[in-house]
Amino acid sequence: MDLSIPLYLENFIDGKLIPPRSGNYMENIDPATGSLFNYVPNSNESDIETAVEAAKNAFIQWSRTSAEDRFLIINRIAALIDGNAHELALAETKDNGKPLWLSKKVDIPRASANFRFFATGIMHFAAESHMMEDKAINYTLRQPIGIVGCISPWNLPLYLFTWKIAPALAAGNCVIAKPSEITPVSAYLLSKICIEAGLPNGVLNIVHGKGEEAGEAIIRHPAIKAISFTGSTRAGQRIASVAAPMFKKLSLELGGKNPNIIFGDCNWDKMMRTTIQSSFSNQGQICLCGSRIIIEETVYDQFKKEFIERVKLLRVGDPLSEDSKQGAIVSLQHFEKISRAIETAKKEGGTILCGGKAVNPGGRCGKGFFIEPTVIEGLGPACETNTEEIFGPVVTLQKFKTREEAIDLANASNYGLSATIWTQDISIANKLAMELNAGILWVNCWLLRDLRTPFGGFKNSGVGREGGWEALRFFTDAKNVCIEI
Ligand code: NAD
């Protein structure tokens with residue numbers, strides 16, 4: 001199939017690729033080169049209105065389509081993603097700046113896995129029944145909500161976009177989806193894949209544009225009854241303030257400032273290798289990255305020495321090169337935000353142990369946005385560097401003496417998305433898992449994902465859970481039917 005990328009991307013509404021009604025576009029920049037990649041529609045309320053009308057018509061049939069037929073169509077989308085994985089990975093890398101090997105290994109396979117997982121899931125989805133002895137039987141009807149909105153960020157573009165769309169479609173809803181305006185291309189290509197897969201017109205509508213305009217039009221639209229959002233805590237607050245008074249169902253997956261707690265008895269080599277990944281994968285632009293490394297005092301110096309040696313080996317360079325361990329930061333704006341955060345760390349009295357500067361890989365990437373992986377020490381839990389999400393290749397080191405101190409340091413954050421624990425003592429690991437205020441706990445591993453498990457955060461990291469039955473429950477309305485016997 002033709003997955004060529006035009007200079008002007010288009011919206012996908014009612015099964016067709018069409019320009020935005022306003023005719024307005026925004027520049028989409030390749031962050032590795034700093035040059036124009038293409039133009040993305042700057043859609044507005046009228047585009048959302050057109051998409052909603054299409055979705056309303058499509059819902060009549062789609063909600064009545066059998067689970068088995070939905071399974072077949074959604075599985076075809078998964079197969080087409082797999083069949084076109086190379087083109088999709090290349091597009092994702094040009095759009096986002098992440099290394100091509102990472103797009104190939106993680107982003108695109110996970111996008112097809114999302115569709116396959118929920119296509120299969122809907123075939124096994126069942127509702128509860130409750131007996132009242134010999135009086136009555138209650139059963140729960142789980143029905144699709146209708147039209148739902150899915151809004152996703154730029155860090156794992158197709159991966160997170162499909163993590164929402166797949167369960168929404170599988171549950172029988174019609175979807176108005178908006179990818180990040182910073183990384184729109186893989187969502188554009190998904191439109192073409194959906195046409196090829198035979199997804200009925202209007203079932204999925206992909207509208208491109210800015211958060212404040214197209215995004216808010218989705219949030220405000222009265223016919224869109226549920227919103228699944230992944231992005232920053234600030235945007236999540238704004239979305240909740242608009243959607244909550246309209247009593248919309250809300251799932252908010254927001255920012256993180258995750259602790260990575262290291263005890264001296266851990267499997268040292270595995271911890272070291274994994275901590276490099278959990279600190280700097282995707283240039284540290286994963287909501288689950290462990291940006292606060294909290295180390296037992298007895299091994300602090302050894303950790304610091306070995307960690308810095310390994311960080312210095314991480315080659316920052318052209319994302320298309322197999323040798324690049326680190327690619328580009330997603331945009332100039334984000335590059336500047338990370339650079340400012342490093343300056344703040346210095347002003348707060350932090351010591352930059354390695355990194356801290358921009359990198360110029362030269363060649364075609366001479367004007368790209370690259371930053372060295374950066375390690376900082378000497379800052380306490382209350383400073384801005386340890387409380388604000390940086391969302392870049394920047395980690396801090398802190399030390400603890402006792403288990404209680406480790407817990408206090410880890411919990412000293414307004415975020416609560418994930419935490420990682422490194423120890424061979426399973427009893428300590430279990431105790432920490434009980435005490436840490438985070439929705440996702442990893443013991444002696446990181447980013448090991450079982451798609452059936454509940455995914456989401458505490459505190460400012462969001463509300464609601466994605467994954468497995470949680471997602472299918474979110475995207476359905478429950479009705480209790482009570483029958484007297
Ligand atoms: P962002 O909040 O700026 O944007 C995310 C999406 O929301 C984009 O599509 C954007 O256009 C849209 N948007 C922004 N404001 C909106 C509004 N008022 N109404 C409707 N839509 C709006 O986030 P980002 O910079 O793209 O992504 C980085 C953030 O996402 C980080 O904070 C990161 O931690 C978070 N994130 C969280 C998870 C998770 O699962 N918890 C996963 C990935 C990223």
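Atoms within each ligand, like the ligands themselves, are counted from 1 in listed order. Quantities reported herein were computed from a predicted structural model and do not represent experimental measurements.
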- Classify the contact between Glu216 and ligand 1 as side chain, backbone, both or neither, using a heavy-atom distance cut-off of under 4.0 Å. both
- Message: If we only consider heavy atoms of Pro179, is any one of them less than 4.0 Å away from an atom in ligand 1?
- Response: yes
- Message: At under 4.0 Å between heavy atoms, is it the side chain or the backbone of Thr230 that contacts ligand 1, or both, or neither?
- Response: both
- Item | Pair Glu343 + Lys346, salt bridge at N-O below 4.0 Å | yes
- Task: Give yes or no for whether the N/O distance cutoff of 3.5 Å, strictly under, is met between Lys178 and ligand 1.
- Result: yes
- Task: Just jot down the side chain to side chain contact (heavy atoms under 4.5 Å, CB included) partners of Arg315, sequence neighbours excluded, or say none.
- Result: Ser321, Asp323, Ser324
- Item | Beyond-backbone contact of Val52 with Ile147, side-chain heavy atoms, under 4.5 angstrom | yes
- Salt-bridge test for Asp477 and Lys225: reply yes if a basic N is under 4.0 Å from a carboxylate O, no otherwise. no
- Per-residue contact class, Ile286 against ligand 1 - non-hydrogen pairs under 4.0 Å: neither
- Message: Out of Gly255, Gly462, Ser232, Ala243, who is nearest to atom 2 (O) of ligand 1 when you count heavy atoms only?
- Response: Ser232
- Under a 4.0 Å heavy-atom limit, does Leu160 contact ligand 1 with its side chain, its backbone, both, or neither? side chain
- Which residue and heavy atom of the protein sit nearest atom 7 (O) of ligand 1, plus the separation: Phe229 CE1, 3.0 Å
- What protein heavy atom sits nearest atom 12 (C) of ligand 1, and how far away is it? Ile151 CG2, 3.6 Å
- Task: Please check atom 4 (O) of ligand 1 for a protein heavy-atom neighbour under 4.0 Å.
- Result: no
- Note on the structure: Under 4.0 Å from one or more heavy atoms of Arg238, ligand 1 contributes atoms 18 (N)
- Query: Where does Leu417 meet ligand 1, judged by heavy-atom distances below 4.0 Å: at the side chain, the backbone, both, or neither?
  - Reply: side chain
- Heavy-atom contacts with Phe455 under 4.0 Å: which atoms of ligand 1 show up? List them by number with element. 40 (O)
- Item | Closest to atom 22 (C) of ligand 1 (judged by heavy-atom distance), picking from Gly211, Gly256, Cys287 | Gly211
- To the nearest 0.5 Å, tell me how far Ile176 CD1 sits from Ile227 CD1. 10.0 Å
- Specify side chain, backbone, both or neither for Glu181, according to which of its non-hydrogen atoms lie closer than 4.0 Å to ligand 1. side chain
- Query: Backbone, side chain, both or neither: what part of Gln285 comes under 4.0 angstrom of ligand 1, heavy atoms only?
  - Reply: neither
- Query: What is the closest protein heavy atom to atom 24 (P) of ligand 1, and at what distance does it sit?
  - Reply: Trp154 NE1, 3.3 Å
- Item | Residues Glu466 and Lys164 bridged, charged N to O under 4.0 Å | yes
- Task: Step through the shown structure and confirm whether more than 12 heavy atoms of other residues, nucleotides or ligands are within 6.0 Å of CZ on Arg142.
- Result: yes
- Query: What is the ring orientation for Phe391 with Trp154, classed by angle as parallel under 30°, tilted 30 to 60°, or perpendicular over 60°?
  - Reply: perpendicular
- Message: For Asn155, which part has a heavy atom under 4.0 Å from ligand 1: side chain, backbone, both, or neither?
- Response: side chain
- Give, for atom NZ of Lys192 and atom CG of Leu3, the distance between the pair rounded to the nearest 0.5 Å. 6.0 Å
- Could you tell me whether some N/O pair between Ala235 and ligand 1 is separated by less than 3.5 angstrom? no
- Item | Side-chain ion pair, Glu216 and Arg238, N-O less than 4.0 Å | yes
- Classify the angle between the aromatic ring planes of Tyr8 and Tyr39 as parallel (below 30°), tilted (30 to 60°) or perpendicular (above 60°). parallel
- Message: So, 4.0 Å and heavy atoms of Gly457: is ligand 1 close enough to count as a contact?
- Response: no
- Message: If we only consider heavy atoms of Ser152, is any one of them less than 4.0 Å away from an atom in ligand 1?
- Response: yes
- Message: Checking Phe474 now: which residues fulfil side chain to side chain contact (heavy atoms under 4.5 Å, CB included) with it, not counting sequence neighbours?
- Response: Ala226, Ser228, Lys249, Ser251
- Please state which part of Ile219 comes within less than 4.0 Å of ligand 1, counting heavy atoms only: side chain, backbone, both or neither. side chain
- Query: Any cation-pi pair here, Arg449 with Trp442, using under 6.0 Å and within 45°?
  - Reply: no
